[in-house]
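Presented below is the structure to which this report refers.
All chains are named by letter (A, B, ...) in the order of the sequence lines, taking the proteins before the strands, and each is independently numbered beginning at 1.
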There are 2 protein chains.
Amino acid sequence: MAETASRLTPHRYGSRPTMKDVAGRAGVGLKTVSRVVNGEPGVTPDTERRVQEAIDALGFRRNDSARVLRKGRTASIGLVLEDLADPFYGPLSRAVEEVARAHGALLINGSSAEDPDRERELVLALCARRVDGLVVIPASGDHRYLAPEMAAGIATVFVDRPPGQIDADVVLSDSFGGARDGVAHLIAHGHRRIGFIGDQPRIHTATERLRGYRAAMADAGLPVHDAWVSLGSTAPTRVRAAAETMLGGAEPVTAVFAGNNRVTVTVVRVLASPASLASPARPVALVGFDDFELADLLRPGVTVIAQDAARLGRAAAGRLFARLDGDAGAPEHTVLPTRLIARGSGELPPTTP
Amino acid sequence: MAETASRLTPHRYGSRPTMKDVAGRAGVGLKTVSRVVNGEPGVTPDTERRVQEAIDALGFRRNDSARVLRKGRTASIGLVLEDLADPFYGPLSRAVEEVARAHGALLINGSSAEDPDRERELVLALCARRVDGLVVIPASGDHRYLAPEMAAGIATVFVDRPPGQIDADVVLSDSFGGARDGVAHLIAHGHRRIGFIGDQPRIHTATERLRGYRAAMADAGLPVHDAWVSLGSTAPTRVRAAAETMLGGAEPVTAVFAGNNRVTVTVVRVLASPASLASPARPVALVGFDDFELADLLRPGVTVIAQDAARLGRAAAGRLFARLDGDAGAPEHTVLPTRLIARGSGELPPTTP
DNA sequence: TAGGGCCTGGACAACGTTGTCAGAACGGGA
DNA sequence: TCCCGTTCTGACAACGTTGTCCAGGCCCTA
């Protein structure tokens, strides 16, 4: 009777019952409740039952803030990335979460929106919450602000891009090699005038991929005109303008290498648009960095340099928990290979204008 | 000198300096440090400077766990969804994060993987951390377990699907109306035999969309054969089999309505595959629920019922923070409209086999 | 039946912060 | 010179949990 009533009328609105309340109701000591809640041994079945009843009746739920304060570990890790809505980061984020879950940790994440200040603010907020560790996709080029935190014991792994000004565990895809392979693929199919459209130059992967492009061109003894290279925002208008410029100049390119999935998608749109300088009679070849859903269903299918976002996430989270489990070795730099997936757009032959 | 040294050798590895340490070093009281850290008034500039120097020297960072314990609010909200990697949830999640950020809160999120037990486990873990509020995309059909938490003051908003067995704020898209419109669109283009492939029947949106399908068929006086309706997992193999069955039966459908973006993509693949029962000579019309990237670039473009995931997220987070700001009104049920985007696949005429 | 060991339960301090409250220092006016 | 008011500062308790440590009761054996 009384039990039913109190089940429906909790302790007090907004202020939850504590172990003390449970102990009082069950007629046992505080520590005994703690033991029951944490499944520690040393409680007779009868006592345990009484405590459990009190817990259910009061709707008690352990306050993890207090627990964390006492124990020092939060069983949570932070993930800072650029944009949760980017299809590249979804699987990465998911993979990190899976690993965290396997280690009994929760994931707190935030988007930096490619803004260094916001990255810093987010990271420090996570440190203030005393996350056990951090997985960071850097937006800034200077991570010295993290050094004291790392020294204080917050394990940190960088992924997709290396940290700036400090040394730390990092997991990358082979941007340089991938881009070089992709451009070499275009060259192998006869292209000589190839354009490169990439992300902003302060982003490490963008410059690495550009470096790969230049290496492939140099390996083939091909010149690179300034007008063929464009780094900048991945906003569709910017990318569209860049594509139209290199397709329409005095020395128009016959193929484009797109620096990431955002760029690739926009280039596909440009090439497909009726007003495009490309046409069925004069197709433009395309290879993009990053695979994306439906790339195979477009006509022609889009040839890509695929990186495995989930694997990046798993590898990074794996490093992180290895650190949390006591690995104190030197920072590890992991580079995962990329894979060229030929689907047609990279195999189009060049046509003279 | 001494300062430089201590900057590089923090207090002790793994155990960070506290306000007490800062106070000791600055030669002030504990509370004064607290005042400086929180920007409270009543500290002379000189004292503030001394404290700030000590903070910098020691690498002090406030421990939010202790703060939360004392203050009762965590400035964090939880988001439980099905799968972070699903392109539908990316923008939703991002929108929730934006709103949270605007309110100074961090976002903790977890994937339920469509598993009711996992949902419950996640939600309760978040409650134990005393998140201020929860945004939940339900995987389970019974949320009575949440009632005590909500009574204890954890604001909760459900989004995309309604909660089970309890009443609470909820933000939905108009699944019924959207599906009905989509099927009506196919009927308007001459189709009489239309198939429906949807998600598992325990998912609310799946059954609502099926209901919309049936309503449109009934409105047009068309019969629905059992073989034309298939609910189940969105795994490609299952969807593929379902599609092939309804395309190949005694009364083959001439159009398919796909219940969500996962299904749509697989159906597109089936229809595009060379072995398909569809062919250029006998195209099959398609309308899908949910818009998706590149839908416009496929040939034919895929006609969809678009829902605005970001808007769902914003609306849900908006409700949540309204609750946290004191709104104690009755639970609100918000239904956002959907929009048909015609791109070609829904406008194909029926062909007799 | 007494003594020893084991098992169960509880009192208490500590974690790092913030709110309360009172005391100290300082300046100005009588 | 003294007193009062204002401003700044610090001591202390409290938040809810867990770890330490000790007390009491039980069972077993001699």
Please list, pair by pair, any protein nitrogen or oxygen found under 3.5 Å from a nitrogen or oxygen in nucleotides 22-24 of chain D.
none

Contact class for A/G42 vs. all strands (heavy atom < 4.0 Å): base, sugar-phosphate, or nothing? sugar-phosphate

Take A/E97 and B/S111, measure what side-chain hydrogen bond (donor to acceptor under 3.5 Å, both in side chains) needs, and give me the verdict at the end. CA-CA 8 Å; A/E97 193 207 340; B/S111 302; 2.6 Å; yes

Output yes when at least one side-chain N/O atom of A/K71 is less than 4.0 Å from OP1 or OP2 of D/dG19, else no. yes

Quick one: ring pair (Phe, Tyr, Trp, His ring centres under 6.0 Å) partners of A/H333, sequence neighbours excluded? none

Would you indicate whether the side-chain heavy atoms of A/T156 and A/E149 approach each other to under 4.5 Å? no

Would you say C/dG9 has OP1 or OP2 under 4.0 Å from some side-chain N or O of A/T44? yes

A side-chain contact here means heavy atoms from C-beta on lying under 4.5 Å apart; do B/L81 and B/S112 qualify? no

I would like to know whether A/Q165 and A/Y145 meet side-chain hydrogen bond (donor to acceptor under 3.5 Å, both in side chains); could you show each step before the answer? CA-CA 10 Å; A/Q165 317 286 332; A/Y145 71 88; over 6 Å; no

Base, sugar-phosphate, or nothing: which does A/V28 touch, judged by heavy atoms less than 4.0 Å apart? sugar-phosphate

Using a heavy-atom cut-off of 4.0 Å across all strands, would you classify A/V43 as base, sugar-phosphate, or nothing? sugar-phosphate

Determine the contact category for B/D64: base if any of its heavy atoms lies under 4.0 Å from a base atom, sugar-phosphate if only primed atoms, P, OP1 or OP2 are that close, otherwise nothing. nothing

Check the pair B/T74, B/R129 against side chain to side chain contact (heavy atoms under 4.5 Å, CB included), reporting the backbone distance first and the verdict last. CA-CA 8 Å; B/T74 56; B/R129 292 205 179 215; over 6 Å; no

Taking only N and O in the side chain of A/S34, is any of them less than 4.0 Å away from OP1 or OP2 of D/dT18? yes

Name the nucleic acid region contacted by A/S65, choosing base, sugar-phosphate or nothing; use a 4.0 angstrom heavy-atom cut-off, strictly under. nothing

Taking the side chain as everything from C-beta on, heavy atoms only, tell me whether B/V136 gets closer than 4.5 Å to B/V157. no

Between atom CD in B/E40 and atom C1' in D/dT9, what is the gap in whole Å? 13 Å

On the 0 to 90° scale, with breaks at 30° and 60°, tag the B/H143-B/F158 ring pair as parallel, tilted or perpendicular. perpendicular

What nucleic acid atoms does B/V68 come within less than 4.0 Å of, heavy atoms only: base, sugar-phosphate, or nothing? nothing

Counting only side-chain nitrogens and oxygens, does B/N63 get under 4.0 Å of the OP1 or OP2 atom of C/dC15? no

Does the C/dG19 base have a donor-acceptor partner in the side chain of B/K31 within less than 3.5 Å? yes

Per A/N38 side chain, nearest of listed nucleotides C/dT17, D/dT18, D/dT17: D/dT18

When you measure from the side-chain N and O atoms of A/R62 to the phosphate of D/dT18, is any distance below 4.0 Å, counting only OP1 and OP2? yes

If you take atom types as modelled and just measure distance, does the side chain of B/R70 reach the base of C/dT18 with a donor-acceptor pair under 3.5 Å? yes

Whole Å only: how far is the CG atom of B/D21 from the C1' atom of C/dT17? 13 Å

Could you check how far CG of B/D46 sits from C1' of D/dT7, rounded to whole Å? 15 Å

Let me confirm one number: the CG-OG1 distance from B/L172 to B/T334, rounded to the nearest 0.5 Å. 8.0 Å

5' priority, DNA chain C, between B/R35 and B/R61 [closest heavy atom]: B/R61

Length of the CG-P vector between B/L69 and C/dT17, whole Å: 12 Å

Can you tell me how far C1' of D/dC8 sits from CZ of B/R49, to the nearest Å? 17 Å

Do the side-chain N or O atoms of A/T47 get closer than 4.0 angstrom to the phosphate oxygens (OP1, OP2) of C/dT8? no

Return the value, rounded to whole Å, for the distance between atom CG of B/L58 and atom C1' of C/dG16. 15 Å

If only side-chain N and O atoms of A/T32 are considered, is one of them under 4.0 Å from the OP1 or OP2 phosphate oxygen of C/dT8? no

Would you kindly give the CG-to-P distance between A/L30 and C/dC12, to the nearest whole Å? 12 Å

For A/M19 and for B/G29, locate the closest nucleotide of DNA chain D by heavy-atom distance; then report the residue assigned to the nucleotide nearer the 5' terminus. B/G29

Between D/dA13 (P) and B/K20 (NZ): distance, integer Å: 14 Å

